[in-house]
Amino acid sequence: MPAVRLRPILMAVLGVVLGAVLGALVACDRNAPSSGDEASRPPPGEAGVLNLYTARHYDADRALYDGFQRATGVRVRTLDGAPDLLIERMKAEGAQSPADVVLMADAGALWRAQQADLLQPVRSAVLDRRIPATLRDPEGRWFGFARRARVLVYDRASAPAPDADADAAAYADLADPRYRGQVCVRSSDNIYNLSTLAALIERWGPERAERWARGVVVNMARPPQGGDLDQIKAVAAGACKVALVNSYYWIRLARSAEAADRAAAARTVMVFPEQAQGAPGTLVNISGGGVARHAPNRANAVAFLEYLASDAAQAILAEANNEFPAAEGANAPEALRGYADFRADPLPVAVYGRRQAEAQAMFDRAGWR
Amino acid sequence: MTAIEVRAPAAPLAMPPAWTPRAPSLLQAGAIAAALLAIAPLVAVVVLALRPAEATISAGLLARYAADTAALAAAVGVGSAALGAGAAWLVVMHRFPGRSVFEWALALPLAAPAYALAYAYADLFDVAGPIQTALRGAGLDASFLQVRSLPGAALILTTALYPYVYLTARAAFLNQSVCALEAARTLGCTAGEAFRRVALPLARPAIAAGAALAVMETLADYGAVAHLGVGTLTTGVVRAFASYGSVEAAARLSLALLGAAALLLWVERLGRAGEVYATSSARWRALARVPLSRPAGWAATAFCAGLLVAALLLPAAWLAYKALSASPDLPRLVRAAAASLGLAGAACVITTALALVIAFGSRARLGGWALPARLASLGYAAPGVVIAVGLLGPATLIWRAEGALGGAPALGVVVALGLLLYAYTARLTAAALEPLDAGLARVTPSMERAARMLGESEAGTLRRIHAPLARGALWTAALLVFVDVLKELPATLILRPFDFDTLAILAANYAADERLGQAAWPALMLVALAIGPMVVLSRRIGRSRPGAP
């Protein structure tokens, strides 16, 4: 049988298929505003879209965007990515950046965006009223919309009694000699740990904070590995007695549909540290966002932020990731009410970003990988 | 009889000049242009590194990163070379149960990204995972099973990356001359000695090329290594970028990485320098496969099956098990799959064409010309993050120009996709180049000179001599690029347009949120999509031996 020259045929077919796929991707671009699609023409200068750069990628956030679209008719286009990649991209795009709103999952990341001059100040009576001053930038460049607490997770036998004041849990316990070889923490390059140390530097001063970091390194049961969920599972499996994690991870396990997850949560106890009399309160961090500096749809951006502070959106935001609402007077969702009753440290979250480079250097010196 | 007069020459014979300068041909110019295009992002990185930076990583930490990276690279290089070359030899030269399936199946683990293997194994061997729990239940202390460590990472990366060596070694063994082996046997070598002393050295360029590819992938890997908690230069780069917010510090660390890659390439070429691997025979006979005895045959089957299970079946099965407990967002998955396929196909065609230009252009000059290939190969070792950051420079110009033109949304999508394709090409030209180079090495200088002497032009020689003989290598190159782009992560994260996700991005985002069940869905879809093309092309290479039925 004569050899059929397959290669040119295959290449031609491949080329046609690719052309079709790319053409389809461009032509069926959902982002292209379709004329006559909406009942009323948007005013000139506002295209009826909102361009959202978000570092949150929870599926349930779609409900937020749909809610906003139903309320205002504005279509939300999203680009998600890690905070630093978003920041670098916005810096590269410069004044042509199409970003309207930037959402991030840590105050440190928002501070970096602010330092890079990527956010613009917003004066909104609604936001000023709804969001507490400690959870937003004093100049109005970013606002917190959901809170998460940095908590300690113990195994059942080691947990301090809930009402004991003298023995109450504190962050300093992690460096205490009685927990030698019993502490599980994640790597120091994670932003949650960076923000925690930044807050502790602010609270205690650099010397005491560095002693704490070195003490934790001595107490580590194993080299830092995995994420917050892995630390909780390690405590549940008996590899260590105490771990430092974000509250929503433990709550996620406790509410999980998987029996194995619920069992792990049942073997552990989540304790909010620094609740004793005279202690400052548990450290909280925020999920939040702000209006981008060169936002082409500024009015829509401010409207979106105000929508995020509304009761309905606060409920969705909190439920999506088991966080606590940030707005004054907004109630935590049903399932979270049991955990929401704690005293939060009034330290302004803006501090977390300012001290972050210092915190990273301190971690490196202490040997916390 | 005519008298033959011999007269003294009227003037002394002038010797021709030793070397006549020639203007570079179009192909050679194209080769240099393609190579420069491939390294433009690296130039940007160098420029970034020269800018002042406020915060930098301490020297001690840098030394530790460098040592860990070197150890990891060495372990993966040796391990993947041993596994890949051994498997290729077994499968090509012997007969044992299941051989015909293993021949193409052993390349399939390329379809699974290294980070997917890392997620699966970290979960399997975790303190709370099934294996350690079972061992603890049986009363054994399982704490030595630390997958999240340097040895663990080396094992996982070796398992994930051996197919690179397997593919190139298999192509080399398939295309070897039977005569050299038979000559060795008649001179008294046993089969094993013939392999060690004749076949292995002849295939060494290919094995070295595959191992170099595996090590460059290791140097550039971030997802797997970070998940396993190993501090390498690459994680240091991202740490400098992310924690210190200093792109300049990140760029400086990447220079160290690039230096390592350059050293690697130099060592590899040094090993090949001065050796001529041309065989004189132009006749091709069918390879005679040696049937293995019963126990040896089953051992070979067990070895190949073990490789396949460890590198693909076990991680995929565990991810599938985790996926059962998660409910996926199907429309989003399907859209991401379409995006992944489209990008991979387009990048495959463009990058292979570019690599062909470089490879041919390098050979167009008699004696070979290494510069374009070496330039292009540097791009491969830089972490994807660094390439993407380096690309933000040209991207900025394009975005601003597009904005000035009053960018319509559709234009924005096209521009972003074009930038993405450029990023893929810059990174992956080297991946396409290594197998092409090794394949083209089969064309002997005497063949080239014969063609030129018979009046064929440069381009014609390439078309009629090199191209058909390198067909297997061409398919290998196209295959590697297609699958690599399907799995690509960092550049896609940075440069993609709005509402545009690929499967790799979905998997990484979910895994970053520690939702392994959700991450398993796009990861498995990725593997499923990549396996089809891998099977087709893997079988195609197997038939590329000239004269094969």
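So you know, we letter chains A, B, ... as the sequences are listed, proteins then strands, and number each from 1. All figures in this text were calculated on a predicted structure; none of them were measured in a lab.
Nearest heavy atoms, Glu258(A) versus Ser325(B): OE2-OG, 3.1 Å.
To the nearest 0.5 Å, the span separating NZ on Lys233(A) from CG on Asp123(B) amounts to 6.0 Å. Distance CZ/Arg369(A) to CZ/Arg64(B): 3.5 Å, rounded to 0.5 Å. With rounding to the nearest 0.5 Å, the separation of CZ in Arg62(A) from CZ in Arg332(B) is 5.5 Å.
Only the side chain of Arg222(A) comes within contact range of chain B, with heavy atoms under 4.5 Å apart. If you measure heavy-atom distances from Ala234(A) to chain B, the contacts under 4.5 Å come from both the backbone and the side chain. Only the side chain of Asp126(B) comes within contact range of chain A, with at least one heavy atom under 4.5 Å from a heavy atom of that chain.
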As a quick check of understanding, evaluate salt bridge (Lys or Arg N to Asp or Glu O under 4.0 Å) for Asp230(A) and Arg148(B), giving each step before the final call. CA-CA 12 Å; Asp230(A) 297 305; Arg148(B) 292 188 209 239; 3.6 Å; yes

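Side-chain contact between Asp501(B) and Asp80(A): present, with at least one pair of heavy atoms (C-beta onward) separated by less than 4.5 Å.
Around CH2 of Trp111(A), the count of heavy atoms belonging to other residues, nucleotides or ligands within 6.0 Å exceeds 12.
Of the listed residues (Leu52(A), Asn51(A), Ile191(A), Ile87(A)), the greatest number of heavy-atom pairs within a distance under 4.5 Å of chain B belongs to Asn51(A).
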